[in-house]
There are 2 protein chains.
Amino acid sequence: MKRKPSTEATSAWIRLMRVQSRVLDCVEQDLKKAGFPPLAWYDALLELSRAPSGELRPVELERQMLIPQYSTSRLIDRLVDEGLACRRECKIDKRGQFVEITEAGRELQKRMWGAYSAAIEKYVGSKLSDADAVKLSGLLDRLGCSCGEMKLPVHVNETTPSR
Amino acid sequence: MKRKPSTEATSAWIRLMRVQSRVLDCVEQDLKKAGFPPLAWYDALLELSRAPSGELRPVELERQMLIPQYSTSRLIDRLVDEGLACRRECKIDKRGQFVEITEAGRELQKRMWGAYSAAIEKYVGSKLSDADAVKLSGLLDRLGCSCGEMKLPVHVNETTPSR
DNA sequence: TCAAGATTGATGCAGGTGCATCGAGTGCGG
DNA sequence: CCGCACTCGATGCACCTGCATCAATCTTGA
């Protein structure tokens, strides 16, 4: 029952893979050269920073970030080691815990957004008109089998007053 | 001199990252469940199989696949360990070598294309019309800073006689 | 012709990821 | 109340990646 994909679909697939890895590489390199940790750290700090009281259950973080459980667990280890977050006991469920972002964590997240947003502008914004960016998003969404909400970085709001 | 990216660019960036990793995961899972090795092996076997006499210098493979040198070196190790390729001495440059695909390698590459093409159809082809796939390719290309040729898998030709 | 520099490919090390599994704790059905 | 299935989070292992560096060889230019 397996049909061959069209050459158009195959071509789109190949470009998706290659362009993404290339652009991601560029952005990660820029961050690294500016002395920052990997993007995954930023994502985690961002999620924590926008949680109601700066804390989340690891399992929530895992679902927000769409990464596997063990990966979350070890990412938290690293954040804690660096003093960017701390573990707090969870009284209502003794299996669990809360992870709370520290001041250092919030501060790093903000500083990273400076470099990160500049990289997005450099590698995406400057190459695509807003209209084309919207078209690209729309097409990608169709591939994203129940891909969830796709929240924007919180800082985007700072530059876009109206909602 | 760093401008903030538009929310549209940021949104496109986020979707690009998330959709790609999601779709890639799905495809890799399908291949793994069918008992096949990772996609990188397929890419290498494909490049080798379409080289003039089934052999390439590692440095060529590296440039085709856009992966770092040490990565190529170890990928070749694994292919050789599995009997999918073999190293041959390079008489004209004693530093170098040739890597030649074996019959087992060619055969695996063909079998993998069966599962691989089915996965592309399932996760990309079935979700996008040909016209939309072309639009997506075009938009992605604009991000692909001097991204090179983007060759299609050779098997595509088997199903598309006219060029 | 020969020294300096570039290129080819391998490798030790540190760290990240996937997988399987584990121990602890919860909650539900009987 | 008990037991069983499930959820939460951690961890040992294998493997893979990035980085730095190495030895061998080639190339260039004085």
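Chain letters run A, B, ... following the sequence lines, proteins first and then strands; every chain starts at 1.
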Would B:Val99 and B:Glu55 count as a side chain to side chain contact (heavy atoms under 4.5 Å, CB included) here? Give the steps.
CA-CA 5 Å; B:Val99 179; B:Glu55 59 184 17; 6.0 Å; no
For the residue pair A:Tyr116 and A:Tyr42, does the interplanar ring angle fall in the parallel (under 30°), tilted (30 to 60°) or perpendicular (over 60°) class?
perpendicular
When A:Arg78 and B:Gln29 are each assigned the nearest nucleotide of DNA chain C, the 5'-most assignment goes to A:Arg78
Could you say whether B:Asp77 or B:Lys32 is positioned toward the 5' end of DNA chain C, judged by the nucleotide with the nearest heavy atom to each?
B:Asp77
Could you tell me the separation between the CG atom of A:Leu84 and the CD atom of A:Glu100, rounded to the nearest 0.5 Å?
13.0 Å
Interatomic spacing from CD in A:Gln64 to CG in A:Asp43 - rounded to 0.5 Å
11.0 Å
Checking B:Thr102 side chain against B:Gly83 main chain: does a donor-acceptor pair fall under 3.5 Å?
yes
Output yes when a side-chain donor or acceptor of A:Ser73 lies under 3.5 Å from a complementary backbone atom of A:Gln69, and no otherwise.
no
Check step by step if side chain to side chain contact (heavy atoms under 4.5 Å, CB included) holds for B:Leu108 and B:Arg111.
CA-CA 5 Å; B:Leu108 175 62; B:Arg111 280 191 301 121; 3.6 Å; yes
Pair A:Arg57 + A:Asp93, salt bridge at N-O below 4.0 Å
yes
Is B:Asp132 paired with B:Lys135 through a side-chain N to carboxylate O contact shorter than 4.0 Å?
yes
Judged by nearest nucleotide, the residue sitting upstream toward the 5' end of DNA chain D, A:Tyr70 or A:Asp25, is A:Tyr70
Indicate, with a heavy-atom threshold strictly under 4.0 Å, whether B:Pro38 touches base, sugar-phosphate, or nothing.
nothing
Classify A:Arg57 by what it touches in the nucleic acid, base, sugar-phosphate, or nothing, heavy-atom distance under 4.0 Å.
sugar-phosphate
Between A:Lys122 and A:Val27, is any pair of side-chain heavy atoms under 4.5 Å apart?
no
Sub-4.0 Å heavy-atom contacts from residues 84-102 of chain B onto DNA chain D, ordered by number
B:Asp93, B:Lys94, B:Arg95
Would you please test A:Arg22 and A:Asp25 for salt bridge (charged side-chain N to carboxylate O under 4.0 Å, His left out) and show each step?
CA-CA 5 Å; A:Arg22 203 171 193 65; A:Asp25 262 21; over 6 Å; no
Under 4.0 Å from any heavy atom of chain B: name the first and the last nucleotide of DNA chain C that qualifies, 5' to 3'.
C:dT7 to C:dC19
Going 5' to 3' along DNA chain D, which nucleotides are the first and last within contact of chain A (any atom under 4.0 Å from a heavy atom)?
D:dT7 to D:dC19
